Amino acid sequence: KLKKINKFSTNIIIENDFYKTVKKAMFSVKFDRSGLPAINPTTMQSISNPAVFCGGDLAGCSETTVESVNDGKTAAWYMHCFLQVLNIYC
């Protein structure tokens, strides 16, 4: 007997306590209308707090897992530049 599998797709985000805790911890970061941090899409750096970088789902720039991973890699590079006190945009 075959088991029927239902697949669902949604654009709805269900807020839970973890999401609220993360948002509370990011009090110095300004959020946009969609509830995501306002960031520079080139550097993945927060517009309101230059010491905060976002990548992946939190950045809201990517549509696929591969793009999310790349956003994280980009954020890591610009974190490195920030920590090395390099004012460059590679």
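Side chains included, hydrogens not; waters and symmetry mates left out as well; all remaining heavy atoms used. A quick note: this is a predicted structure, and the numbers were derived from the prediction, not measured. Position 1 is the first residue of the sequence; numbering continues from there.
- Taking 4.5 Å as the limit, every side-chain heavy atom of Asn70 sits out of range of all side-chain heavy atoms of Glu67.
- A continuous path of hydrophobic side-chain contacts links Val52 to Phe31 [ILVMFWY only; heavy atoms under 4.5 Å].
- The side chain to side chain contact (heavy atoms under 4.5 Å, CB included) with His80 is formed by just one residue from the set Tyr78, Trp77, Phe82; it is Trp77.
- With hydrogens and angles ignored, the 3.5 Å screen pairs a side-chain donor or acceptor of Asp32 with a backbone N or O of Leu36.
- By the 4.5 Å heavy-atom criterion applied to side chains, Gln45 and Phe53 are counted as neighbours.
- Under the 4.5 Å side-chain criterion, counting only non-hydrogen atoms from C-beta, Pro37 is not in contact with Ser46.
- Distance check: Ile47 CD1 to Lys30 NZ gives 11.0 Å after rounding to the nearest 0.5 Å.
- The structure places SG of Cys54 at 4.5 Å from CE of Met26, a figure rounded to the nearest 0.5 Å.
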